[in-house]
Amino acid sequence: MVEKVIIIGSGPSGYTAAIYAVRDGLAPLLIRGSLPGGQLMLTSAVENYPGFPSILGPDLMDNLYKHANGLGCRILDEDATKVDLHPYPYKVTAGGKEYETYSIIIASGANANWLGLYNEKRLIGKGVSGCAVCDGVFFKNKDVVVVGGGDSAMEDASYLSRLVKSVTIIHRKKTFGASKIMQERVLSNPKIKIIWDSIVVDVLGMEHVSGVKIKNLVTSKETTMPVGGLFVAIGHSPNTELFKGQLEIDGHGYITTHDFTRTSKDGVFAAGDVQDKVYKQAVVAAGWGSMAALDARKFLADKKLI
Ligand code: NDP
């Protein structure tokens, strides 16, 4: 039997693709992985997913799972371990079994990069955040630090400056790598201070972040700065290992899409954070998931496979 569509990944984009594909009669197989749910499993309160004024990330993912499962989607709790895009139909291996499929929706997501500080993991959700748009509102009237010098750091700092008391960007070089216009926005913002040539060597606090320890890389001098939040904006690592060498991937590791969700291979679609380096929001990922399912249906119909 050849599957019509296999969906790889179970964040908001994977589940949404599954919901659309089931309702479209495509009988999708959702390979949701051995640790399903994606990045939202690591967050606490989500307050920007429409229809849910406040919901815990894992509860939101459980709702999405129940929605897809309730519609009768076949769901495999295994990791996809191999994808072969050279023969057609394509081949996907998961749980030691090989599946053939006419189309694939890649919704394998991305992971935020962290600094690897001693106390960082313990304080995620307690003042350490990888998403300014998600968590900024919890830092009203606080001083916060943003680490990074790329577009994400610029965007996070500008966004936070409208909500919090003050923002300090800490960057390990003496210039930013971000696009000129975004740098200019930051450099002319009176609420944003910049500490160059420096790294955060630890984040302090018991129940909540109370400060950061900073090291100047030129002088090696260490100082402590009292702050209520640490936003880490040093990039994301999209989960594309299975597709390297088979699909076009950009310089930052994201799957390249064109004409909405289409990848460089016919019948292979990508949705959510694995291809979105700009927005990185659950609701956006869900939207991409629905688009990928609709694009897959059109592809299958054009090929007269449904
Ligand atoms: P980038 O890889 O562009 O930048 C990462 C930044 O983090 C760099 O300044 C890097 O410093 C720094 N960094 C990396 N590791 C560490 C570390 N361990 N300690 C301290 N600093 C570190 O990632 P972004 O997420 O900013 O951007 C990724 C892509 O997404 C880009 O193409 C960007 O243009 C795009 N983007 C676009 C947006 C938009 O258009 N609105 C918004 C956000 C992102 P160094 O330079 O020293 O390596």
Side-chain angles (χ1 to χ4, degrees), residues 13 39 48 108-121 123-124 128-136 144-163 167-189 192-204 209 212-223 225 227 229-240 248-258 270-285 287-288:
S13 55
Q39 293 178 83
N48 56 6
S108 49
N111 296 318
N113 295 338
W114 297 99
L115 293 165
L117 309 174
Y118 183 73
N119 284 307
E120 188 180 34
K121 215 171 188 175
L123 290 168
I124 290 175
V128 173
S129 171
C131 178
V133 173
C134 315
D135 299 329
V144 304
V145 154
V146 173
V147 176
D151 283 342
S152 295
M154 302 301 109
E155 198 156 83
D156 285 3
S158 298
Y159 177 82
L160 289 166
S161 72
R162 292 194 289 274
L163 295 173
V167 180
T168 302
I169 300 178
I170 299 176
H171 183 41
R172 62 186 180 183
K173 289 190 178 140
K174 53 168 69 56
T175 52
F176 290 136
S179 54
K180 198 158 181 285
I181 186 159
M182 288 169 93
Q183 288 193 41
E184 278 165 3
R185 231 171 265 157
V186 158
L187 294 168
S188 63
N189 186 327
I192 302 176
K193 224 179 76 181
I194 295 145
I195 300 181
W196 303 105
D197 286 323
S198 298
I199 54 171
V200 171
V201 287
D202 206 2
V203 51
L204 312 170
V209 169
V212 287
K213 202 186 267 184
I214 304 163
K215 181 178 176 177
N216 182 302
L217 294 173
V218 177
T219 62
S220 292
K221 197 175 153 207
E222 290 194 1
T223 47
M225 181 178 175
V227 289
L230 166 65
F231 286 84
V232 180
I234 60 168
H236 284 71
S237 300
N239 298 314
T240 56
E248 201 179 306
I249 289 176
D250 76 12
H252 288 270
Y254 292 84
I255 291 182
T256 306
T257 48
H258 60 93
D273 287 11
V274 74
Q275 55 81 55
D276 169 18
K277 60 189 175 208
V278 176
Y279 300 102
K280 302 176 197 123
Q281 299 299 303
V283 67
V284 177
W288 278 106

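All of these numbers come straight from a predicted model, not from anything done at the bench. Indexing begins at 1, ligand by ligand and atom by atom, following the structure's order.
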query: Any idea how F176 and W196 line up, ring-wise: parallel (<30°), tilted (30 to 60°), or perpendicular (>60°)?
result: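 Rings of F176 and W196: tilted, as their planes differ by 30° to 60°.
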In terms of side-chain heavy atoms, does [X] have a donor or acceptor partner in [Y] at a distance below 3.5 Å?
X	Y	answer
S237	N113	yes
K215	T223	no
D135	S129	yes
D273	Q39	yes

I199 vs L217 side-chain heavy atoms within contact, under 4.5 Å: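 They are in contact (side-chain heavy atoms under 4.5 Å apart), so the answer is yes.
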In the protein, which heavy atom is nearest to [atom], and how far is it?
atom	value
atom 19 (N) of ligand 1	L115 CD2, 3.5 Å
atom 42 (C) of ligand 1	E155 OE1, 3.4 Å
atom 31 (C) of ligand 1	H252 NE2, 3.5 Å
atom 39 (C) of ligand 1	V278 CG1, 3.8 Å
atom 47 (O) of ligand 1	R172 NE, 2.8 Å
atom 34 (O) of ligand 1	D151 OD2, 2.6 Å
atom 46 (O) of ligand 1	K173 NZ, 3.1 Å
atom 29 (C) of ligand 1	K277 CD, 3.8 Å

- prompt: Which option out of G149, G150, G251, S152 puts a heavy atom nearest to atom 43 (C) of ligand 1?
  reply: S152
field: Point-to-point distance, once rounded to the nearest 0.5 Å, from CG of N119 to CG of D202
entry: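 The distance works out to 4.5 Å.
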field: 4.0 Å heavy-atom contact, H171 with ligand 1
entry: yes
